Amino acid sequence: MTIQLRVYVPPHPLIKHWLGVARDVSTPSPLFKSAMTELGRWLTYETIRDWLPTEEMMIQSPLAACPATMINPEVPLVVVPILRAGLALLEGAQTLLPLASIYHLGLVRNEETLEPSCYLNKLPNQFQPNTHVLITDPMLATGGSMMLAMAELVKRGVDPALTRIISVVAAPPALQKLSSSYPSLTIYTAMIDEIVNDQGYIVPGLGDAGDRSFGT
């Protein structure tokens with residue numbers, strides 16, 4: 001069976017609402033950041049629904065013993081925010097994954113060539129086997145930054161099949177690149193926009209999510 005990239009656009013009304021708030025050019029920076037946090041929370045909720053490793057056990061209720069399904073703490077869980085815009089999504093993700101390890105990866109895109117480069121890499125030299133990785137990055141436009149991020153993760157032992165990405169808006173160029181190189185990936189996004197302009201921005205998109213989140 002051919003493995004194919006899976007992209008989900010959850011129909012959750014709160015995701016739709018906060019996407020509308022984030023898209024609106026009149027949304028002030030503090031509210032935009034709140035919208036990104038909420039999108040991080042609800043996209044993470046959808047992403048981990050069938051992904052978190054669990055284990056079956058018996059527990060004692062006040063009245064009797066009963067079976068329970070619990071999150072398996074032995075399986076490593078990691079969140080990698082792509083700086084700096086990914087930090088806004090991270091805040092929401094952490095409310096659902098408070099025990100996950102956080103590894104920051106700072107990427108910047110050359111505005112002329114649109115090629116990404118890395119200015120901060122806090123990834124470990126090697127990840128443990130079976131590590132589940134969640135990447136937060138608001139925009140998947142040309143795909144250059146995420147391709148670089150995935151290359152760094154795979155080089156350190158991460159299995160793309162155990163990796164999930166949350167983004168607010170994705171576009172075909174990024175999805176095509178990721179599908180070609182990492183077909184076992186899974187992506188959750190609030191919307192897929194069809195256009196990436198000559199400056200590498202998704203249209204209608206969000207604008208610069210980092211600038212709008214942090215007011216700089």
Side-chain angles (χ1 to χ4, degrees), residues 1-19 21 33-82 86-105 122-138 140 146 149-150 152-168 170 178 182-191:
M1 183 175 65
T2 302
I3 299 175
Q4 186 172 4
L5 179 78
R6 290 168 293 178
V7 183
Y8 296 98
V9 182
H12 199 296
L14 285 172
I15 292 177
K16 294 180 180 180
H17 170 82
W18 288 111
L19 173 63
V21 174
K33 190 169 185 294
S34 294
M36 298 296 281
T37 298
E38 291 301 322
L39 285 163
R41 186 192 328 276
W42 294 108
L43 286 168
T44 298
Y45 172 85
E46 295 288 347
T47 299
I48 65 178
R49 183 192 298 271
D50 61 350
W51 183 63
L52 285 181
T54 60
E55 58 182 349
E56 304 300 320
M57 62 176 62
M58 293 297 295
I59 61 172
Q60 183 69 39
S61 85
L63 297 178
C66 62
T69 301
M70 309 292 286
I71 303 300
N72 186 347
E74 300 299 320
V75 177
L77 182 61
V78 164
V79 181
V80 179
I82 305 301
L87 291 173
L89 295 178
L90 172 66
E91 290 189 24
Q94 278 190 295
T95 63
L96 302 180
L97 303 172
L99 300 182
S101 300
I102 312 298
Y103 294 100
H104 298 86
L105 189 61
K122 303 299 288 186
L123 301 177
N125 292 330
Q126 189 72 22
F127 284 94
Q128 297 180 51
N130 203 35
T131 295
H132 286 48
V133 177
L134 176 67
I135 306 173
T136 66
D137 191 6
L140 297 178
M146 191 55 66
M150 284 302 304
E152 291 294 329
L153 288 165
V154 169
K155 184 167 63 177
R156 291 164 169 79
V158 167
D159 182 354
L162 298 178
T163 303
R164 296 198 170 187
I165 299 168
I166 62 170
S167 71
V168 178
L178 291 168
Y182 305 104
S184 59
L185 269 176
T186 302
I187 297 172
Y188 281 76
T189 183
M191 184 59 67

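When a residue number appears, it is its place in the shown sequence, counting from 1. Predicted model only: the values in this text are computed from it and were never measured.
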> Atom CG of L123 and atom NZ of K155: how far apart are they, to the nearest 0.5 Å?
Replying inline: 9.5 Å

>> Does any part of the side chain of I135, heavy atoms only, come nearer than 4.5 Å to the side chain of L153, both counted from C-beta?
In response: yes

>> For a 4.5 angstrom cut-off between non-hydrogen side-chain atoms, does L87 reach E91?
In response: no

> How close do R41 and T95 get, heavy atom to heavy atom, and via which atoms?
Replying inline: NH1-OG1, 3.0 Å

>> My understanding is that only residues two or more places apart in sequence, or in another chain, count here; which of them pass side chain to side chain donor-acceptor pair (under 3.5 Å) with W42?
In response: E38

>> Please find the pair of heavy atoms, one from Q126 and one from G157, that lie closest to each other, and give the distance.
In response: NE2-CA, 3.5 Å

> Does a side-chain heavy-atom distance below 4.5 Å link L77 with L99?
Replying inline: no

> Does T186 have any side chain to side chain donor-acceptor pair (under 3.5 Å) partners at least two apart in sequence or in another chain, and if so, which?
Replying inline: R6

>> Testing the basics here: between L19 and A190, what is the closest heavy-atom pair and its distance to 0.1 Å?
In response: CD2-O, 3.9 Å

> Distance from I165 atom CD1 to L43 atom CG, nearest 0.5 Å?
Replying inline: 12.5 Å

> With a 4.5 Å heavy-atom cut-off, do R164 and I48 have their side chains touching?
Replying inline: no

> Should the heavy atoms of other residues, nucleotides or ligands under 6.0 Å from CZ of F127 be counted, would the total exceed 12?
Replying inline: yes

>> Please find the pair of heavy atoms, one from I166 and one from G40, that lie closest to each other, and give the distance.
In response: CD1-O, 4.0 Å

>> With rounding to the nearest 0.5 angstrom, report the CG to NE2 distance, D159 to H132.
In response: 9.5 Å

> Who pairs with N125 by side chain to side chain donor-acceptor pair (under 3.5 Å), at least two apart in sequence or on another chain?
Replying inline: none

> Can you tell me if S167 uses its side chain to pair, donor with acceptor, with the backbone of T189 under 3.5 Å?
Replying inline: no

>> Quick one, Y8 and E46 - any side-chain contact, counting heavy atoms below 4.5 Å?
In response: no

>> If you compare all heavy atoms of A88 against all heavy atoms of M36, which two are closest, and at what distance to 0.1 Å?
In response: CB-CB, 3.6 Å

> Do the non-hydrogen side-chain atoms of P81 and L89 ever get within less than 4.5 Å of each other?
Replying inline: no

>> Does anything in residues 56-72 form a side-chain hydrogen bond (donor to acceptor under 3.5 Å, both in side chains)? List the pairs, not counting sequence neighbours.
In response: E56-T69

> Is there side-chain contact between P183 and Q4, with heavy atoms separated by less than 4.5 Å?
Replying inline: no

> Considering residues at least two apart in sequence or located in another chain, which fulfil the salt bridge (charged side-chain N to carboxylate O under 4.0 Å, His left out) criterion with R156?
Replying inline: E152

> Got more than 12 heavy atoms from elsewhere within 6.0 Å of CE, M70?
Replying inline: no

> What pairs with V21 under side chain to side chain contact (heavy atoms under 4.5 Å, CB included), at least two apart in sequence or on another chain?
Replying inline: H17, W18, T27, L31, A35

>> If we ignore hydrogens and angles and just use 3.5 Å, is the side chain of T163 paired with the main-chain N or O of L185 as donor and acceptor?
In response: no

> Going by heavy atoms in the side chains, are T136 and T44 under 4.5 Å from each other?
Replying inline: no

